[in-house]
Amino acid sequence: AQTVTQSQPEMSVQEAETVTLSCTYDTSESDYYLFWYKQPPSRQMILVIRQEAYKQQNATENRFSVNFQKAAKSFSLKISDSQLGDAAMYFCAYRTYGQNFVFGPGTRLSVLP
Amino acid sequence: GAVVSQHPSWVICKSGTSVKIECRSLDFQATTMFWYRQFPKQSLMLMATSNEGSKATYEQGVEKDKFLINHASLTLSTLTVTSAHPEDSSFYICSARDPRGAGQPQHFGDGTRLSIL
(Lines give C-alpha, C1' and ligand atoms only; values in the text may rest on other atoms or scores of the structure.)
Protein backbone atom coordinates (compact mmCIF):
# COMPACT_ATOMS: atom_id res chain seq x y z
CA ALA A 1 0.00 0.00 0.00
CA GLN A 2 1.09 3.52 -0.67
CA THR A 3 2.12 5.65 2.27
CA VAL A 4 3.05 9.29 2.67
CA THR A 5 5.25 10.56 5.50
CA GLN A 6 5.79 14.08 6.72
CA SER A 7 8.42 14.07 9.42
CA GLN A 8 7.87 17.64 10.61
CA PRO A 9 4.65 17.98 12.66
CA GLU A 10 5.33 21.70 13.12
CA MET A 11 7.50 24.30 11.43
CA SER A 12 7.90 28.03 11.83
CA VAL A 13 9.39 30.67 9.58
CA GLN A 14 10.02 34.36 9.84
CA GLU A 15 7.99 36.54 7.52
CA ALA A 16 9.82 37.09 4.18
CA GLU A 17 12.12 34.13 4.81
CA THR A 18 12.19 30.74 3.10
CA VAL A 19 11.02 27.45 4.55
CA THR A 20 11.10 23.89 3.25
CA LEU A 21 8.57 21.24 4.21
CA SER A 22 9.58 17.61 3.81
CA CYS A 23 7.63 14.70 2.37
CA THR A 24 8.56 11.15 1.49
CA TYR A 25 6.34 8.47 0.05
CA ASP A 26 6.37 4.81 -0.72
CA THR A 27 4.95 3.25 -3.86
CA SER A 28 5.69 0.53 -6.36
CA GLU A 29 3.99 2.45 -9.16
CA SER A 30 6.01 4.26 -11.80
CA ASP A 31 3.34 6.72 -12.87
CA TYR A 32 1.60 8.86 -10.26
CA TYR A 33 0.92 12.38 -9.10
CA LEU A 34 2.13 14.28 -6.05
CA PHE A 35 0.49 17.28 -4.46
CA TRP A 36 0.84 19.81 -1.70
CA TYR A 37 -2.43 21.03 -0.20
CA LYS A 38 -2.88 23.90 2.21
CA GLN A 39 -5.61 23.69 4.84
CA PRO A 40 -6.29 26.95 6.70
CA PRO A 41 -8.52 27.09 9.80
CA SER A 42 -11.58 27.12 7.53
CA ARG A 43 -10.51 23.56 6.63
CA GLN A 44 -10.89 24.09 2.90
CA MET A 45 -8.40 22.04 0.91
CA ILE A 46 -6.46 24.44 -1.29
CA LEU A 47 -4.19 23.04 -3.97
CA VAL A 48 -0.76 24.61 -3.73
CA ILE A 49 1.21 22.69 -6.31
CA ARG A 50 1.11 19.47 -8.29
CA GLN A 51 3.80 17.30 -9.86
CA GLU A 52 3.46 14.51 -12.39
CA ALA A 53 5.98 11.76 -11.69
CA TYR A 54 6.92 11.37 -15.34
CA LYS A 55 8.09 14.98 -15.49
CA GLN A 56 11.69 15.52 -14.46
CA GLN A 57 11.29 19.27 -14.14
CA ASN A 58 10.28 20.47 -10.70
CA ALA A 59 6.94 22.26 -10.56
CA THR A 60 6.78 25.90 -9.52
CA GLU A 61 3.87 28.19 -8.71
CA ASN A 62 4.95 31.72 -7.90
CA ARG A 63 6.55 31.57 -4.43
CA PHE A 64 6.05 27.82 -4.16
CA SER A 65 8.35 25.25 -5.67
CA VAL A 66 9.08 21.58 -5.14
CA ASN A 67 12.17 19.43 -5.10
CA PHE A 68 11.05 16.13 -6.59
CA GLN A 69 13.52 13.29 -6.24
CA LYS A 70 11.83 10.26 -7.80
CA ALA A 71 14.52 7.73 -7.00
CA ALA A 72 14.59 8.81 -3.38
CA LYS A 73 10.77 9.12 -3.29
CA SER A 74 11.06 12.57 -1.87
CA PHE A 75 8.86 15.59 -2.58
CA SER A 76 9.65 18.69 -0.56
CA LEU A 77 7.90 22.05 -0.76
CA LYS A 78 9.82 25.32 -0.63
CA ILE A 79 7.98 28.50 0.25
CA SER A 80 9.90 31.64 -0.57
CA ASP A 81 9.22 35.13 0.79
CA SER A 82 6.85 33.67 3.39
CA GLN A 83 3.74 35.68 4.15
CA LEU A 84 1.44 35.69 7.16
CA GLY A 85 -1.28 34.19 4.99
CA ASP A 86 0.86 31.12 4.39
CA ALA A 87 0.25 29.95 7.96
CA ALA A 88 -1.79 26.76 7.77
CA MET A 89 -1.62 22.97 7.81
CA TYR A 90 0.16 21.60 4.79
CA PHE A 91 -0.56 18.10 3.53
CA CYS A 92 1.55 16.18 1.08
CA ALA A 93 -0.56 13.82 -1.01
CA TYR A 94 -0.12 11.05 -3.56
CA ARG A 95 -2.45 9.47 -6.00
CA THR A 96 -2.41 7.40 -9.13
CA TYR A 97 -4.55 8.03 -12.19
CA GLY A 98 -8.22 8.17 -11.26
CA GLN A 99 -7.71 6.92 -7.73
CA ASN A 100 -8.16 8.45 -4.29
CA PHE A 101 -5.63 10.63 -2.53
CA VAL A 102 -3.33 9.26 0.13
CA PHE A 103 -2.39 12.04 2.52
CA GLY A 104 0.53 12.50 4.84
CA PRO A 105 -0.07 13.43 8.50
CA GLY A 106 0.49 17.12 7.83
CA THR A 107 2.84 19.90 8.90
CA ARG A 108 1.57 22.91 10.77
CA LEU A 109 3.34 26.02 9.51
CA SER A 110 3.51 29.16 11.58
CA VAL A 111 4.70 32.44 10.10
CA LEU A 112 6.25 34.85 12.58
CA PRO A 113 5.93 38.60 11.99
CA GLY B 1 -15.43 29.55 -8.52
CA ALA B 2 -16.19 26.31 -6.75
CA VAL B 3 -16.67 23.31 -9.00
CA VAL B 4 -17.78 21.01 -6.19
CA SER B 5 -20.48 22.04 -3.75
CA GLN B 6 -20.85 20.32 -0.40
CA HIS B 7 -23.84 20.89 1.83
CA PRO B 8 -24.36 21.53 4.68
CA SER B 9 -21.14 23.17 5.81
CA TRP B 10 -21.93 22.68 9.48
CA VAL B 11 -24.51 20.62 11.26
CA ILE B 12 -25.23 20.03 14.93
CA CYS B 13 -27.69 17.38 15.92
CA LYS B 14 -28.71 15.12 18.76
CA SER B 15 -27.36 11.65 19.28
CA GLY B 16 -29.42 9.00 17.48
CA THR B 17 -30.47 11.13 14.52
CA SER B 18 -29.42 10.61 10.92
CA VAL B 19 -27.60 13.26 8.94
CA LYS B 20 -27.31 13.52 5.16
CA ILE B 21 -24.41 15.30 3.50
CA GLU B 22 -24.51 16.17 -0.19
CA CYS B 23 -21.59 16.45 -2.61
CA ARG B 24 -22.45 17.94 -5.97
CA SER B 25 -20.29 18.53 -9.04
CA LEU B 26 -21.40 21.81 -10.55
CA ASP B 27 -20.10 21.87 -14.11
CA PHE B 28 -18.98 18.36 -14.87
CA GLN B 29 -20.21 14.80 -14.59
CA ALA B 30 -18.47 12.86 -11.87
CA THR B 31 -18.83 9.11 -12.17
CA THR B 32 -16.57 8.74 -9.14
CA MET B 33 -16.53 10.70 -5.91
CA PHE B 34 -14.54 10.05 -2.76
CA TRP B 35 -15.54 10.60 0.86
CA TYR B 36 -12.90 11.43 3.47
CA ARG B 37 -13.08 11.96 7.21
CA GLN B 38 -10.77 14.17 9.24
CA PHE B 39 -10.68 14.04 13.02
CA PRO B 40 -9.25 17.05 14.90
CA LYS B 41 -5.54 17.52 14.40
CA GLN B 42 -5.36 14.53 12.09
CA SER B 43 -5.06 13.97 8.39
CA LEU B 44 -7.74 13.09 5.87
CA MET B 45 -8.57 9.42 5.68
CA LEU B 46 -10.50 7.82 2.85
CA MET B 47 -13.82 6.36 3.98
CA ALA B 48 -15.29 5.16 0.72
CA THR B 49 -15.34 5.46 -3.03
CA SER B 50 -18.69 6.36 -4.53
CA ASN B 51 -19.42 5.17 -8.06
CA GLU B 52 -22.45 6.34 -10.01
CA GLY B 53 -24.98 3.60 -10.49
CA SER B 54 -23.23 1.01 -8.35
CA LYS B 55 -22.46 0.22 -4.75
CA ALA B 56 -19.85 2.21 -2.92
CA THR B 57 -16.55 0.66 -1.98
CA TYR B 58 -15.74 1.10 1.70
CA GLU B 59 -12.33 1.17 3.34
CA GLN B 60 -11.48 -1.33 6.00
CA GLY B 61 -12.99 -0.39 9.33
CA VAL B 62 -15.73 1.83 7.90
CA GLU B 63 -19.21 0.48 8.64
CA LYS B 64 -21.21 0.50 5.44
CA ASP B 65 -24.51 0.23 7.33
CA LYS B 66 -23.67 3.31 9.35
CA PHE B 67 -22.31 5.44 6.54
CA LEU B 68 -24.73 5.05 3.66
CA ILE B 69 -23.53 6.33 0.33
CA ASN B 70 -25.79 6.94 -2.63
CA HIS B 71 -24.53 8.10 -6.02
CA ALA B 72 -27.74 8.08 -8.02
CA SER B 73 -26.78 10.71 -10.57
CA LEU B 74 -23.66 11.84 -12.37
CA THR B 75 -23.51 15.04 -10.35
CA LEU B 76 -24.58 14.04 -6.85
CA SER B 77 -23.30 11.72 -4.16
CA THR B 78 -24.76 11.67 -0.66
CA LEU B 79 -23.33 10.39 2.60
CA THR B 80 -25.84 9.59 5.33
CA VAL B 81 -24.57 9.06 8.85
CA THR B 82 -27.25 6.88 10.41
CA SER B 83 -28.00 6.91 14.14
CA ALA B 84 -25.14 9.32 14.71
CA HIS B 85 -23.30 9.30 18.03
CA PRO B 86 -20.75 11.70 19.52
CA GLU B 87 -17.84 9.60 18.24
CA ASP B 88 -19.07 10.31 14.69
CA SER B 89 -18.37 14.00 15.21
CA SER B 90 -15.78 14.88 12.62
CA PHE B 91 -15.06 16.85 9.46
CA TYR B 92 -16.32 15.10 6.34
CA ILE B 93 -15.07 16.16 2.93
CA CYS B 94 -15.75 14.87 -0.55
CA SER B 95 -13.80 15.05 -3.77
CA ALA B 96 -15.10 14.51 -7.28
CA ARG B 97 -13.11 13.14 -10.18
CA ASP B 98 -13.24 15.43 -13.21
CA PRO B 99 -13.02 13.45 -16.47
CA ARG B 100 -12.19 16.52 -18.52
CA GLY B 101 -8.68 17.37 -17.42
CA ALA B 102 -5.34 15.70 -17.97
CA GLY B 103 -4.86 13.03 -15.37
CA GLN B 104 -8.50 13.34 -14.28
CA PRO B 105 -8.02 16.02 -11.61
CA GLN B 106 -10.10 15.88 -8.48
CA HIS B 107 -11.84 18.79 -6.84
CA PHE B 108 -12.69 19.02 -3.17
CA GLY B 109 -15.87 20.30 -1.62
CA ASP B 110 -15.53 22.72 1.28
CA GLY B 111 -16.34 20.03 3.83
CA THR B 112 -18.99 19.46 6.46
CA ARG B 113 -18.36 19.89 10.14
CA LEU B 114 -20.56 17.41 11.98
CA SER B 115 -21.13 17.77 15.71
CA ILE B 116 -23.23 15.20 17.55
CA LEU B 117 -24.44 16.18 21.00
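Every chain is numbered from 1, with letters handed out A, B, ... down the list of sequences.
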Side chain, backbone, both or neither: which part of [X] has an atom under 4.5 Å from a heavy atom of chain A?
X	result
B:P105	both
B:L46	side chain
B:Q42	backbone

**B:D27/B:R100 salt bridge by N-O under 4.0 Å criterion** = yes

**Asked** Looking only at heavy atoms, what is the nearest atom pair of A:A59 and A:I49, with distance?
**Response** O-CD1, 3.4 Å

**Request:** Search all heavy atoms of B:S89 against all heavy atoms of B:F39 and return the closest pair with its distance.
**Result:** O-CE2, 3.6 Å

Please classify the contact of [X] with chain B as side chain, backbone, both or neither, using a heavy-atom distance under 4.5 Å.
X	result
A:F35	neither
A:S42	backbone
A:F103	both

**Request:** Run the numbers on B:R97 and B:Q104 for side-chain hydrogen bond (donor to acceptor under 3.5 Å, both in side chains), then give the verdict.
**Result:** CA-CA 6 Å; B:R97 191 171 73 191; B:Q104 295 195 336; 3.1 Å; yes

**Prompt:** With sequence neighbours excluded, what pairs up with B:F91 under the ring-ring contact (aromatic ring centres under 6.0 Å, His included) test?
**Reply:** none

**Asked** Are A:Q44 and B:D110 close enough that a side-chain donor and a side-chain acceptor fall under 3.5 Å?
**Response** yes

**Asked** Would you call A:V66 and A:W36 a side-chain contact if the rule is heavy atoms closer than 4.5 Å?
**Response** yes

**Message:** Consider ring pair (Phe, Tyr, Trp, His ring centres under 6.0 Å). Of A:Y33, A:F75, A:Y32, which one does A:Y25 pass it with?
**Reply:** A:Y32

**Asked** Taking every heavy-atom pair that is under 4.5 Å apart, which of A:Q6, A:Q99, A:R43 has the most such pairs with chain B?
**Response** A:R43

**Item:** Choice from A:R108, A:E52, A:Q39 maximising heavy atom contacts with chain B below 4.5 Å
**Value:** A:Q39

**Prompt:** Within the distance-only criterion (no hydrogens, no angle test), does the side chain of B:Q6 pair as donor or acceptor with the backbone N or O of B:Y92 below 3.5 angstrom?
**Reply:** yes

**Request:** Hey, could you give me the CG/CD distance between A:L77 and A:Q51, rounded to the nearest 0.5 Å?
**Result:** 11.5 Å

**Item:** Members of residues 63-86 of chain B whose heavy atoms come closer than 4.5 Å to chain A
**Value:** none

